[in-house]
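Got a structure for you, questions after.
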Amino acid sequence: QLQASGGGLVQAGGSLRLSCAASGRTFSRYNVGWFRQAPGKEREFVSAISRSGGSTYYADPVKGRFTISRDNARDTVYLQMNSLKPEDTAIYYCAASSGLALNSKGSEYAYWGQGTQVTVSS
């Protein structure tokens, strides 16, 4: 089970850190991704991190602003979001994949958290 948290309301230019906590599984066995879905839009990939944390992958809109990391001892993955923009407003979901490579396709992730709302005001 995955639990996403840390969302909230922030002004443009501000920062938030999202957390994705896992329970009931050996978290280090999974690559973990973050996705987001804005109202009226399709879900989109944000970032992913490998099992060890040694490899990361970012969508172009968030490169240089977001940083993904993980602490396997705490079974938690983080998404540090800086320089937030109104277009980052969405529900953010974390998901876990047992695939070999980092992937931006949601269909490659078997386990999903419930989502946390991020709202960036202009």
Side-chain angles (χ1 to χ4, degrees):
Q1 184 175 1
L2 301 178
Q3 180 82 24
S5 62
L9 173 64
V10 64
Q11 288 187 329
S15 299
L16 284 173
R17 188 177 79 158
L18 305 184
S19 298
C20 175
S23 61
R25 302 184 185 276
T26 305
F27 204 37
S28 60
R29 293 181 179 178
Y30 299 89
N31 296 328
V32 176
W34 284 97
F35 294 78
R36 66 187 182 187
Q37 187 165 20
K41 295 186 177 181
E42 293 187 352
R43 183 180 62 195
E44 65 174 355
F45 170 76
V46 175
S47 182
I49 190 166
S50 62
R51 291 167 175 80
S52 67
S55 295
T56 57
Y57 180 24
Y58 296 93
D60 287 343
V62 307
K63 280 182 182 177
R65 299 188 298 123
F66 291 11
T67 302
I68 192 170
S69 62
R70 68 190 297 163
D71 183 344
N72 285 337
R74 297 178 183 271
D75 287 337
T76 303
V77 168
Y78 304 98
L79 185 68
Q80 178 66 45
M81 305 186 297
N82 298 329
S83 302
L84 283 161
K85 304 175 181 180
E87 51 263 44
D88 294 318
T89 294
I91 299 175
Y92 283 70
Y93 300 89
C94 61
S97 168
S98 57
L100 294 178
L102 295 181
N103 207 300
S104 62
K105 296 180 181 179
S107 59
E108 294 295 319
Y109 292 79
Y111 308 103
W112 291 79
Q114 87 291 356
T116 184
Q117 176 72 49
V118 171
T119 304
V120 184
S121 63
S122 57

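In this text, all values refer to a predicted model and were calculated from it rather than measured experimentally.
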Inset, instruction - State the CG-OG distance between Asp75 and Ser23, to the nearest 0.5 angstrom. - result: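 Between atom CG of Asp75 and atom OG of Ser23 there are 8.5 Å.
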
Inset, instruction - Answer with yes or no whether the side chains of Thr76 and Asp71 bring together a donor and an acceptor at under 3.5 Å. - result: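 Result is no, nothing qualifies.
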
Inset, instruction - Indicate yes or no for a side-chain donor-acceptor contact from Arg65 to the backbone of Ser83 under 3.5 Å, with no hydrogens or angles considered. - result: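 Yes, because the side chain of Arg65 sits within donor-acceptor range (under 3.5 Å) of the backbone of Ser83.
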
Inset, instruction - Could you tell me which non-hydrogen atom of Ala38 sits nearest to which non-hydrogen atom of Ala90, and how far apart they are? - result: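 For Ala38 versus Ala90, the nearest heavy atoms are N-CB, 3.8 Å.
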
Inset, instruction - I would like to know whether Arg36 and Glu44 meet side chain to side chain contact (heavy atoms under 4.5 Å, CB included); could you show each step before the answer? - result: CA-CA 5 Å; Arg36 66 187 182 187; Glu44 65 174 355; 2.5 Å; yes

Legend entry - Aromatic ring proximity, centroids under 6.0 angstrom, Phe35 and Tyr93: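 Not close enough - the centres of the two rings lie 6.0 Å or further apart.
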
Inset, instruction - Answer yes or no: does atom CZ of Arg74 have more than 12 heavy-atom neighbours from other residues, nucleotides or ligands under 6.0 Å? - result: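 No, because the 6.0 Å sphere around CZ of Arg74 holds 12 heavy atoms or fewer from other groups.
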
Legend entry - Gap separating the OH atom of Tyr58 from the NZ atom of Lys63, nearest 0.5 angstrom: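 These two atoms lie 10.5 Å from each other.
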
Legend entry - pair Leu79-Phe66: side-chain heavy atoms closer than 4.5 Å: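 Counting from C-beta outward, Leu79 and Phe66 do come under 4.5 Å.
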
Legend entry - Main-chain N/O of Ile68 paired with Thr56 side-chain donor or acceptor, under 3.5 Å: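 The answer is no, because no donor-acceptor pair under 3.5 Å joins these two groups.
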
Inset, instruction - Give a yes-or-no answer on whether the side chains of Arg51 and Asn31 include a donor-acceptor pair shorter than 3.5 Å. - result: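 Note: Arg51 and Asn31 side chains meet the donor-acceptor criterion.
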
Legend entry - Hphob cluster co-occupancy, Ile49 + Leu2, side-chain heavy atoms under 4.5 angstrom: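 The answer is yes; both residues are in one hydrophobic cluster.
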
Legend entry - Flag side-chain contact, heavy atom, 4.5 Å: Met81 against Asp88: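 They are not in side-chain contact.
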
Inset, instruction - Indicate yes or no: at least one non-hydrogen side-chain atom of Ser15 is less than 4.5 angstrom from one of Gln80. - result: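 Yes, at least one pair of side-chain atoms sits under 4.5 Å.
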
Inset, instruction - Using modelled atom types only, decide if a donor and an acceptor are shared between the side chain of Thr116 and the backbone of Gly7 within a distance under 3.5 Å. - result: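 Yes; judged by distance alone, with no hydrogens or angles, the pair exists.
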
Inset, instruction - Taking Ser47 for its side chain and Tyr57 for its backbone only, find out whether a donor-acceptor pair lies under 3.5 Å. - result: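 Side chain of Ser47 to backbone of Tyr57: a pair is present.
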
Inset, instruction - Taking all non-hydrogen atoms of both residues into account, name the closest pair between Gly106 and Trp112 and its distance. - result: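 Answer, listing the atom of Gly106 first, then Trp112: O-CZ2, 3.4 Å.
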
Inset, instruction - Give a yes or no on whether Leu16 and Trp34 share a hydrophobic cluster (residues Ile, Leu, Val, Met, Phe, Trp, Tyr; joining criterion: side-chain heavy atoms under 4.5 Å apart). - result: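 Yes.
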
Legend entry - Side-chain H-bond candidate by donor/acceptor type, Asn72 with Arg70, under 3.5 Å: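 Result is yes, a qualifying pair exists.
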
Inset, instruction - Spell out, as yes or no, whether a donor-acceptor pair under 3.5 Å connects the side chain of Gln3 to the backbone of Gly113. - result: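 Not a single qualifying donor-acceptor pair exists.
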
Inset, instruction - Examine Ile91 and Phe45 and state if one hydrophobic cluster contains both, with Ile, Leu, Val, Met, Phe, Trp and Tyr joined whenever side-chain heavy atoms are less than 4.5 Å apart. - result: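 Same cluster: Ile91 reaches Phe45 through Ile, Leu, Val, Met, Phe, Trp or Tyr contacts under 4.5 Å.
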
Legend entry - Sidechain-backbone polar pair: Tyr30 side chain, Tyr111 backbone, donor-acceptor under 3.5 Å: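 Pair absent, no side-chain N/O of Tyr30 close to backbone of Tyr111.
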
Legend entry - Members besides Tyr78 in its Ile/Leu/Val/Met/Phe/Trp/Tyr cluster (side-chain heavy atoms under 4.5 Å):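 Members alongside Tyr78: none; it stands by itself.
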
Inset, instruction - Check whether Val46 and Leu102 end up in the same hydrophobic cluster, where Ile, Leu, Val, Met, Phe, Trp and Tyr are linked by side-chain heavy atoms less than 4.5 Å apart. - result: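 Different clusters: Val46 never reaches Leu102 through Ile, Leu, Val, Met, Phe, Trp or Tyr contacts under 4.5 Å.
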
Legend entry - Hydrophobic cluster membership, Val62 vs Val120, 4.5 Å side-chain cutoff: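 Same hydrophobic cluster.
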
Legend entry - For the student: nearest non-hydrogen atoms of Tyr109 and Val32, plus distance: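 Reported closest heavy-atom pair: CE2-C, 4.1 Å.
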
